[in-house]
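Report on the structure given below.
In this text the structure is predicted, and so the values were computed from the model without any measurement. Keep in mind that the numbers below use all heavy atoms, side chains included, and drop hydrogens, waters and symmetry copies.
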Amino acid sequence: NTEKTSRTAHPDDSVVLVSGVPVGGGHFAVMAGPCSVESRTQVCDIALAVKAAGATLLRGGAFKARTSPYAFQGLELEGLSYLQAAREVSGLPIVSEILSPLQVELFAATVDLIQIGARNMQNVELLREVGRIKTPVLLKRGLASTVAEWLLAAETILAQGNPNVILCERGIRTFENATRNTLDISAIPAVKRLSHLPVLVDPSHASGLAWMVPSLSLAAAAAGADGLLIEVHDNPDLALCDGAQSLTPEEFGALMGKLRTLLEIR
């Protein structure tokens with residue numbers, strides 16, 4: 001039962017406002033920034049660079065859900081404070097990933113868009129807690145979740161009273177190992193036919209390969225996505241997290257130029 005996410009209940013595209021920035025309903029949003037916040041200077045510099053290139057929101061990880069317990073886990077509260085500083089200097093609303101229901105009050109007070117990562121897509125308690133507030137939520141598709149399961153996760157949030165949900169396709173696990181995950185482009189038109197919620201694509205996590213991000217970004221836009229979530233780092237070779245999939249600010253700027261051309265004819 002997806003009565004709140006379905007087109008039947010809500011025929012028109014929803015537009016989710018993230019601190020004044022519209023997402024969906026013809027408003028294409030680009031959320032860009034580092035996988036992990038590493039320092040105040042780093043995230044502030046990247047925020048100014050991606051804004052200059054045309055990004056509408058700043059993404060950055062403070063609390064990191066890493067596959068290995070020995071990998072960099074993020075700066076946590078310090079990282080959140082640096083993101084807030086970057087918001088002040090750039091004017092960009094910030095999106096960051098939450099890991100626990102216990103963090104909902106903290107995130108509601110500090111970030112503009114709460115990201116629920118793929119590993120937590122079916123964390124029902126977390127979904128219910130973010131559903132009880134009004135802060136917009138970016139819900140990523142699970143590693144091996146069907147479109148139906150993804151929409152039911154969104155339904156869980158909406159059922160608690162929070163209508164501000166944005167979906168994000170970030171690649172699913174298949175037998176293919178040429179890329180980190182397999183970007184399911186077909187999920188974009190499928191979800192948009194079934195649901196009124198905005199749908200974004202994260203080509204960085206889908207591929208794990210920076211050189212592939214521009215092509216996948218353009219493909220997502222051509223398929224009707226409402227926006228993108230792109231990782232940008234000023235020195236990917238030295239990044240503490242996912243440098244191999246991060247664009248440099250210059251590469252991001254070149255991609256934004258191509259995107260603008262494509263969106264004009266979409």
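In this structure a side-chain-to-backbone donor-acceptor pair under 3.5 Å is present from E38 to L240. Counting only distance, with no hydrogens or angles, the side chain of T56 and the backbone of V30 share a donor-acceptor pair below 3.5 Å. Side-chain atoms of Q115 never come within 3.5 Å of backbone atoms of L113 as a donor-acceptor pair (strictly under, hydrogens ignored). Listed for the K140 side chain is no donor-acceptor partner under 3.5 Å among the backbone atoms of I116. Judged by distance alone, with hydrogens and angles left aside, the side-chain atoms of E251 form a donor-acceptor pair with the main-chain N or O of T248 at under 3.5 Å. Without hydrogens or angle criteria, N181 side chain to H205 main chain gives a donor-acceptor distance under 3.5 Å. A donor-acceptor contact shorter than 3.5 Å is absent between the side chain of D13 and the backbone of H196. In this structure, Q122 contributes its side chain and A153 its backbone to no donor-acceptor pair below 3.5 Å. Judged purely by atom type and a 3.5 angstrom limit, E129 has no side-chain atom pairing as donor or acceptor with the backbone of L102. Side chain of S195 to main chain of V191: no donor-acceptor pair is present (N/O by atom type, distance under 3.5 Å, no hydrogens or angles).
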Verdict with reasoning, L80 to F63, per side chain to side chain contact (heavy atoms under 4.5 Å, CB included): CA-CA 8 Å; L80 277 183; F63 294 82; 3.8 Å; yes
Yes or no on side chain to side chain contact (heavy atoms under 4.5 Å, CB included) for I133 and V104, after CA distance, side-chain angles and deciding distance? CA-CA 9 Å; I133 60 175; V104 171; 3.8 Å; yes
Intermediate values then yes/no, side chain to side chain contact (heavy atoms under 4.5 Å, CB included), T146 and L151: CA-CA 9 Å; T146 65; L151 289 175; over 6 Å; no
Evaluation steps, side chain to side chain contact (heavy atoms under 4.5 Å, CB included), between V43 and L58: CA-CA 9 Å; V43 72; L58 173 68; 4.2 Å; yes
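The pair D12-R7 does not count as a salt bridge, with every side-chain nitrogen at least 4.0 angstrom from each carboxylate oxygen. A salt bridge is absent between D202 and R141: the closest approach of a Lys/Arg side-chain nitrogen to an acidic carboxylate oxygen does not fall below 4.0 angstrom. A salt bridge is defined here as a Lys NZ or Arg NE, NH1 or NH2 lying under 4.0 Å from an Asp or Glu carboxylate O, and E231 with R59 meets this definition. The residues K64 and D242 are annotated as not salt-bridged, no charged nitrogen and carboxylate oxygen being separated by less than 4.0 angstrom.
A47 and A86 make their closest contact through CB-CB, 4.0 Å (heavy atoms, listed as atom of the first residue, atom of the second, distance). Among all heavy-atom pairs drawn from A55 and A32, the shortest one is CB-CB, 4.2 Å. In terms of heavy atoms, I188 sits closest to A223 at CG2-O, 3.7 Å. The shortest heavy-atom contact between V16 and P136 is CG1-CB, 3.9 Å. The two atoms that bring G25 and V15 nearest to each other are CA-CG2, 3.8 Å, heavy atoms only. Pairing each heavy atom of V201 with each of A225, the nearest pair is CG2-CB, 4.2 Å.
Under the 4.5 Å side-chain heavy-atom criterion for ILVMFWY residues, a single connected hydrophobic cluster contains both L99 and L126. V18 and I230 are assigned to two separate hydrophobic clusters, defined by single-linkage of ILVMFWY side chains at heavy-atom distances under 4.5 Å. In terms of hydrophobic clustering, with Ile, Leu, Val, Met, Phe, Trp and Tyr side chains grouped at heavy-atom distances under 4.5 Å, L262 and M212 are assigned to a common cluster. A chain of hydrophobic side-chain contacts below 4.5 Å, direct or via other Ile, Leu, Val, Met, Phe, Trp or Tyr residues, connects L106 to V137. A continuous path of Ile, Leu, Val, Met, Phe, Trp and Tyr side chains, each step under 4.5 Å between heavy atoms, connects I114 with L158, placing both in one hydrophobic cluster.
For the atom pair L138 CG and L200 CG, the distance stands at 6.5 Å (nearest 0.5 Å). Put simply, CZ on R180 and CZ on R173 are 10.5 Å apart, with the number rounded to the nearest 0.5 Å. Distance check: S19 OG to L92 CG gives 11.0 Å after rounding to the nearest 0.5 Å. Note that NE2 of H233 and OG of S204 are 13.0 Å apart. Values are rounded to the nearest 0.5 Å. Rounding to the nearest 0.5 Å gives a distance of 9.5 Å between CZ of F107 and OG of S100. In this structure, the separation between CD1 on I94 and OG1 on T110 is 6.5 Å, given to the nearest 0.5 Å.
With contacts defined as side-chain heavy-atom distances shorter than 4.5 Å, the pair F252/V213 does not qualify. Put simply, the side chain of K4 does not reach to within 4.5 Å of the side chain of H10, judged on heavy atoms. Using a 4.5 Å cut-off on side-chain heavy atoms (C-beta onward), D226 and F28 make no contact. Counting heavy atoms from C-beta on, the side chains of L57 and D112 never come closer than 4.5 Å. Between Q42 and Y82 the shortest side-chain heavy-atom distance does not fall below 4.5 Å. Side-chain contact between L228 and M31 is absent, with no heavy atoms from C-beta onward closer than 4.5 Å. S6 has its side chain out of reach of L194: every pair of non-hydrogen atoms, C-beta onward, lies at least 4.5 Å apart.
More than 12 heavy atoms of other residues, nucleotides or ligands shown are found within 6.0 angstrom of NZ on K134. R266 CZ: more than 12 foreign heavy atoms inside a 6.0 Å radius. Remark: E76 CD is packed, more than 12 non-hydrogen atoms of other residues, nucleotides or ligands lying under 6.0 Å away.
Partner of R128 under the side-chain contact (heavy atoms from CB on, under 4.5 Å) criterion, out of T156, I157, N162: T156 alone.
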